[in-house]
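Below is one structure, written out as structure tokens; comments come after it.
Predicted, not measured: the structure shown is a model, and the values here were computed from it.
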Amino acid sequence: MPKVTQGSAPAPAGQPPGETTGEFAGYLVAVGASAGGLDALERFFEGLPPHTDVAYVVIQHLSPDHKSMMGNLLGRHTRMPVVTVEDGMAIAAGRVHLIPPGSIMRAAGGRLWLTPKDPRVLTLPIDLFFTSLAKELGNRAVGVILSGTGSDGTRGALAINEAGGLLLAQDPETAKFDGMPRSVIATGLVDAILAPEALGLRVLDHTREAPRTPIRHERLVADRDKGSALEEIQHLLRHVAGIDFRDYKPATVLRRIERRLQVRHIPDHESYAQLLDGDRAELATLHRELLIPVTSFFRDPESFEVLAEAAIEVLVKERQANQPLRIWVPGVSTGEEAYSLAILFTEACERVRRWPGFKVFATDVAQQSLDTASAGVFSEAITSEIPPERLERFFVPRGNHFVIRPEVRQNIIFARHNLLEDPPFTRMDLVSCRNVLIYFEPEAQERVLRRLQYALAPGGFLFLGSSESLGALQGDFTPVSTKHKIHRVLRHVALPLDQASAGHSRLPAIGRRHRAGPSATRAGDAAVIDAGLTTLLRSYAPASLLLNRRHELLHVFGDVGRFLRIGEGSATLDLAKLLPQRLAPVALALLHRAAKGAAPLRSDVLGLPCAEGPPLRLRLVARPVEIPQGEPHLILSFEPEPPIAEPALPAGIETLDLDRENAARLQTLEQELAATRESLQATIEELETANEELQATNEELMASNEELQSSNEELQSVNEELYTVNAENQEKIEILNQLNADLDSLARAVSIATVFVDGGLRITRFTPEATTLFNIRDGDIGRPIGDITNRLDHPELVAELRHTIEDGHLFEREIHASNGATYLARILPYAVRARGPRGAVATFVDVTSLHDRDRLQATLDALPAGIALLDAAGRIQMVNARWRALAREGGDPDLHRSGPGIGIEDACAILPGGESLAAARDGIARVLGGEAAAFRREYIHDGPREAGRRRLLYAAPLGGRGGAIVSHCDLTAQVAADA
């Protein structure tokens, strides 16, 4: 992707935004999270519907040494299927795709591709996936940044925004770790900053909005001619931001405007123009969208290598030590390209052992980008762009960021500059203007190229982007590398016509006025000038110069054009560089002596060659000018021979013997030089010794720093991975606590005595009911069960537990307790993990009541009368064998009308009809209701098989919970015996 520079927008990719060569045709939402991201992910997915045509991909920093439980944990918060990605898996809508541990993932061709993660190298999986997603889906890509440390996702988010996709971030105030959200928010390109649950709804709103189709160029031109809404939008941008986007390619500008329409859900350009007119925040956002700072260090590394060998090294070798190199990088964006060139120049100087010095002028139209570039602070993503040795040499790690070293930063000057409107820089040895021209109209491209040609010094180099060319200026340059777009200027040009006619040109000042001291003000300058004029008027008024003690020109009196020369190179006010070579040493000697002696001095008659006519004969006169409460100044006068004012020189002015003065000054300087040499030699020896010690210390520190840096990166990565694992474990612990509470509640509900033991027969858990059988309490957890006394008549219990643990056998038997109760004991094996150590669980179910019921049934069956036990509602609960026999005699062999569960009213149907049946029902009802102590009824049975037999129906109440017992006996034999 091209670097977006001053006033630039994303370059055309050769196909409409959103078009993809893959098979997946919907939106893909990539969610990046790191430490603290589990809670945010759960909240994000809880608000999403299960049936959707959107695919989701979750990229986390996962430890390769731990099995991730993210699938199970996340599956509890969404009804969409959650799958772990396998290499080559097709992207499916309505599904959540999870990155597996130890892998980095890319999207291409409608599928997800995995590559192993190198544990020795710092990798940024979110950046890598976001970048591939932007290339794959264009404006159908959605990037979401949730909680996490560091800055992973920032570079990838820029790629998504450049491709026209949607970029969202979690509100840092709601994030457990706000490093990643704040890093991506700092780019100024995030479309919405919300809580995780609101981000899901924002994704739905965006994906339900159909992608907009960019307007064709012809329609744009027509709209301009008609003064359309698009023209109004550009007018607002030009009025507020000061940038005329009419020089930019229409498709580039329209693509960014269309993206804002889709993000803000605005139907047409007219409505958007109205919004911009009243919403300065949206106007600033659109302006920022058109100037996306997409760049990187050593972009196109092969091109930078060729530039270093074919241009930078050549410049360093050709340049003299006192002539610094000048480099200009227009459209510098966030500064990566300027720092890359500064690094290459530093390396070239060290390689050829020459240090001429250099200055990089880095300019851009976006002040926000310049502020970022000037800070020199970059995210950890640059580790994938810069080799480790350069990273160690030119950057200082600071937390999750890298800071450029001061020795590199001091060589770069950042300034705001509009390449299309502001005057170009001059005398540049190298101009690197990469991926800027591609955003301009052809006419604007040619105008910029002519400015760059003017900016180059003779023999300077021009470095363009891979998609840019010189066009009509091809003949003014010679190619150094056609493939890598490196050219060298052949013909220097005058100021471009468009620049010469610009009424708003801002030409750089030739020099700067230096004031004598902190107290010097404009009033002070006027006082100096007045004092100088007074001095001249008292003597004579030849052409003169007013100087400060540093011999810098402050003011000119008279016509001094014959005595001053402006040389080639940087403009200066130093008198030594302004005077001709014949006058300069004499003037400096006079000024030096006059400053020390505080008296006026003059030179011998000097001859100054003239372009026309004979040489000019003149004297130089130096006078000190005393300023009250100020620094002394000097006046240097040029007096023709004979003097202008009068034929004789004023009295009191000494004529300086230059030979004697120079000899005395030379002797003084030689003595000072000898003393300085001795001191310097001693200092050098001390410095060499100290340097050797520092060099050894520095090497040790560098080695230690490399180890610490490597360890720090590893610890940082491990820390994020461990936090993710810890978050999953916390979630699992909550689930286990819930299960444990459910188990405790179940144990209390069933009221079954249960004891758990481990492989060493040590008690690990027991239910409260177990204390009725074992003399056990909470403090006995961990003690062998054999040490605990119990009330069971079963000495083989410990042996059976051991046998179950060793062989996995199940034991089930009835045993008796000392309290007379009978228990059904069951011993089962259990294991926490498959193939792990086993334990055993013993349950004791009280079955005493079952045995009592069996004994009661046997007792009832032994009685000769038919017996039925009724509950309080009159339903039969139990009958004996004789009752069943009577039911068979009454035509109910299967007890459908007189068995357990049948009401007594129905059961009495086996009795004879008429008054006997009604009397029986009423009597039993009175007994059940407590109205009668008993009921007795004799009757003659008139059945077909036993006609004439006398029988007795008797009912009596049961104590306790109510009910009655009904007996039905045959009295025929007894009556016959009594007779």
I want to check a possible cation-pi pair here: Arg409 against Tyr339, using under 6.0 Å from ring centre and within 45° of the ring axis as the test. no
Taking the six-membered ring for Trp, are the ring centroids of [X] and [Y] within less than 6.0 Å of each other?
X      : Y      : value
His206 : Tyr27  : yes
Phe395 : Phe297 : yes
Phe394 : Phe402 : no

Checking side-chain contact (heavy atoms from CB on, under 4.5 Å) for the pair Leu158/Phe130: CA distance, chi angles, key distance, verdict? CA-CA 9 Å; Leu158 297 178; Phe130 276 18; over 6 Å; no
Under 3.5 Å, is there a donor on one side chain and an acceptor on the other for [X] and [Y]?
X      : Y      : answer
Thr154 : Ser183 : yes
His61  : Ser34  : yes
Thr174 : Gln170 : yes

One pair to check against side-chain contact (heavy atoms from CB on, under 4.5 Å): Leu194 and Asp171. What are the steps and the verdict? CA-CA 5 Å; Leu194 303 167; Asp171 186 350; 6.0 Å; no
Counting only heavy atoms not in Arg79 (residues, nucleotides, ligands), do more than 12 fall under 6.0 Å from its CZ? no
With sequence neighbours left out, the residues meeting salt bridge (charged side-chain N to carboxylate O under 4.0 Å, His left out) with Glu380 are none
Asp191: partners by salt bridge (charged side-chain N to carboxylate O under 4.0 Å, His left out), with sequence neighbours left out: Arg259, Arg260
May I have the step-by-step check of side-chain contact (heavy atoms from CB on, under 4.5 Å) for Leu146 and Leu41, ending in yes or no? CA-CA 8 Å; Leu146 300 180; Leu41 284 168; 3.7 Å; yes
Would you mind checking if Arg434 and Glu336 are paired as a salt bridge, meaning a charged N to carboxylate O distance below 4.0 Å? no
Does Arg202 pair with Glu197 as a salt bridge, N-O distance under 4.0 Å? no
At what distance, to the nearest 0.5 angstrom, does [atom1] of [X] lie from [atom2] of [Y]?
X      : Y      : atom1 : atom2 : answer
Glu86  : His97  : CD    : NE2   : 11.5 Å
Leu204 : Leu199 : CG    : CG    : 11.0 Å
Met105 : Ile126 : CE    : CD1   : 10.5 Å

Quick one, Ile99 with Val58, criterion side-chain contact (heavy atoms from CB on, under 4.5 Å). Give me CA distance, side-chain angles, the key distance, then yes/no. CA-CA 6 Å; Ile99 186 174; Val58 176; over 6 Å; no
Any pair with a residue in residues 143-187 that passes ring-ring contact (aromatic ring centres under 6.0 Å, His included), sequence neighbours left out, goes on the list, sorted by first then second residue, please. Phe177-Tyr723
Set out, in order, the CA-CA distance, both residues' side-chain angles and the distance that settles side-chain hydrogen bond (donor to acceptor under 3.5 Å, both in side chains) for His417 and Asp364, then state yes or no. CA-CA 5 Å; His417 182 274; Asp364 198 279; over 6 Å; no
Can you confirm whether Met180 sits close enough to Ser147 that some side-chain heavy atom of one is under 4.5 Å from a side-chain heavy atom of the other? no
Determine the sole option in Leu276, Val253, Leu275 for which the side chain to side chain contact (heavy atoms under 4.5 Å, CB included) test with Ile233 is passed. Leu276
